Amino acid sequence: MKKVTKAIIPAAGLGTRMLPASKAIPKEMLPIVDKPAIQYIVEEAVEAGIKDILIITNRGKGAMEDHFDHNFELEYNLRQKGKDDILKELEGVAKLANITFLRQKETGGLGDAVYKAKTFVGDEPFAVLYGDDVIIGEKPAIGEMLEAFEQSGGEGGVVGVKEVAAEQIVKYCTLDVTPLENGVMKVNDMIEKPKPEQIMSLYAILGRCILQPEIFDVLEKTPKGAGGELQLTDAMATLAREGKMYAIEYSGTRYDMGNKLGFLIANIEHGLN
Ligand code: UTP
């Protein structure tokens with residue numbers, strides 16, 4: 001069985017729902033208390049044992065590259081002033097993982113962003129952690145999914161799901177699932193941004209998946225979907241209908257950092273904790 005050693009974090013979206021905050025600062029750099037959202041996501045991957053990470057970026061998102069790099073002037077200054085705790089923390093961020101960056105160049109949708117990672121991925125299964133979904137919990141969500149993936153023999157793909165409110169599901173994707181054992185579900189079908197009459201369950205994919213490189217061939221044949229963009233869900237739906245997709249409900253709390261309410265809830269809840 002091939003192990004998952006690589007992760008992709010698509011973070012190239014325009015962040016229109018977070019404007020004007022996200023005009024000059026990537027929304028992924030907006031903080032939850034004192035850490036930018038993207039750092040929580042990288043830490044989740046690292047905690048799950050994944051250290052090779054590709055972040056898909058775009059124009060105007062260079063702050064993410066700076067964040068995971070050294071800042072020698074700042075580090076020198078902190079060392080001179082004996083501020084060792086924060087110095088150690090900053091150096092730790094720069095050493096967190098082997099992070100590479102790739103520009104999407106045109107905002108063609110999540111499917112298009114993932115497709116850009118084809119060469120990075122090669123012929124191994126890989127994890128995708130959506131750049132605006134921060135999950136905070138006792139265990140790394142992608143780690144829980146990796147356990148399910150390995151238990152099932154490392155075949156097919158796994159999506160991380162949660163049940164969402166009935167009025168919310170139309171903004172996400174709806175899944176038709178059959179429960180198996182140990183909390184694992186077989187995914188029979190999925191529909192991105194369903195119309196009310198298309199809702200199959202209140203389970204939606206929220207921010208995490210493990211995929212096989214086969215997804216790239218499927219993406220090549222997938223037409224543009226909702227919003228005129230290449231949707232990753234549409235490609236995963238093809239694999240689900242072929243019986244190759246599974247789902248598990250991860251235990252952590254997911255915060256949608258892509259909208260203003262999600263950003264506020266994350267800061268208040270995590271701040272109080
Ligand atoms: P979203 O649709 O939530 O992000 O995509 P967005 O496009 O930035 O949001 P709005 O609607 O304009 O506010 C989910 C994830 O996929 C990434 C986003 O950065 C986000 O992490 N994404 C989306 C890309 O990397 N490229 C794209 O072309 C679209």
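One is the number of the first residue; the rest follow in order along the sequence. Remember, it's a predicted structure, so these values are computed and weren't measured experimentally. Just follow the structure's listing: the first ligand is 1, and inside any ligand the first atom is 1.
The two residues S251 and E144 have their closest heavy-atom pair at OG-OE2, 2.5 Å.
Put simply, part of D132 is less than 4.0 Å from ligand 1, judged by heavy atoms. The shell of residues lying under 4.0 angstrom from ligand 1, judged by heavy atoms, includes L110. Residue-ligand proximity: E106 is placed with every non-hydrogen atom at 4.0 Å or more from ligand 1.
Protein heavy atom nearest atom 6 (P) of ligand 1, with residue, atom name and distance: K27 NZ, 3.4 Å. The protein heavy atom nearest to atom 11 (O) of ligand 1 is R17 NE, 3.2 Å. Summary of contacts: the protein heavy atom closest to atom 26 (N) of ligand 1 is Q104 OE1, 2.7 Å. Here the protein heavy atom with the shortest distance to atom 25 (O) of ligand 1 is A12 N, 2.9 Å.
Looking at E229 against ligand 1, nothing comes within 4.0 Å, counting heavy atoms. Contact annotation: for M18 versus ligand 1, there are no heavy atoms closer than 4.0 Å. With a 4.0 Å heavy-atom cut-off, ligand 1 is reached by the side chain of A113 but not by its N, CA, C or O.
Classification of the F216-F126 ring pair by plane angle, with boundaries at 30° and 60°, yields parallel.
Taking every non-hydrogen atom of L14 and a distance limit under 4.0 Å, the qualifying atoms of ligand 1 come out as 7 (O), 8 (O). Shown in contact with E28 at under 4.0 Å from a heavy atom are these atoms of ligand 1, numbered in order with element: 19 (O). Every atom of ligand 1 is numbered from 1 in the order shown, and the set under 4.0 Å from a heavy atom of G108 is 28 (O).
Shown here are the side-chain hydrogen bond (donor to acceptor under 3.5 Å, both in side chains) partners of Y246, two or more places apart in sequence or in another chain: there are none.
When the heavy-atom distances from atom 10 (P) of ligand 1 to D133, L230, N58, T16 are ranked, the shortest goes to T16. Distances from atom 17 (C) of ligand 1 to the heavy atoms of G258, A37, P10, G15 put P10 nearest. Atom 18 (C) of ligand 1 has its nearest heavy-atom neighbour, among G13, G109, G131, S22, in G13.
In this structure, a donor-acceptor pair under 3.5 Å is present between the side chains of E220 and Y115. With 3.5 Å as the limit, one finds a donor-acceptor pair spanning the side chains of E124 and T5. With no hydrogens or angles considered, a side-chain donor-acceptor pair links Q39 and H67 at under 3.5 Å.
Between the side chain of D176 and the backbone N or O of M200 there is no donor-acceptor pair closer than 3.5 Å. Remark: side-chain polar atoms of Y40 are paired, donor with acceptor, to backbone N or O of I32 under 3.5 angstrom. Remark: the backbone N or O of D123 is paired with a side-chain donor or acceptor of K2 at under 3.5 angstrom.
In this structure, K6 is positioned above the aromatic face of F120, its NZ or CZ under 6.0 Å from the six-membered ring centre and within 45° of the axis.
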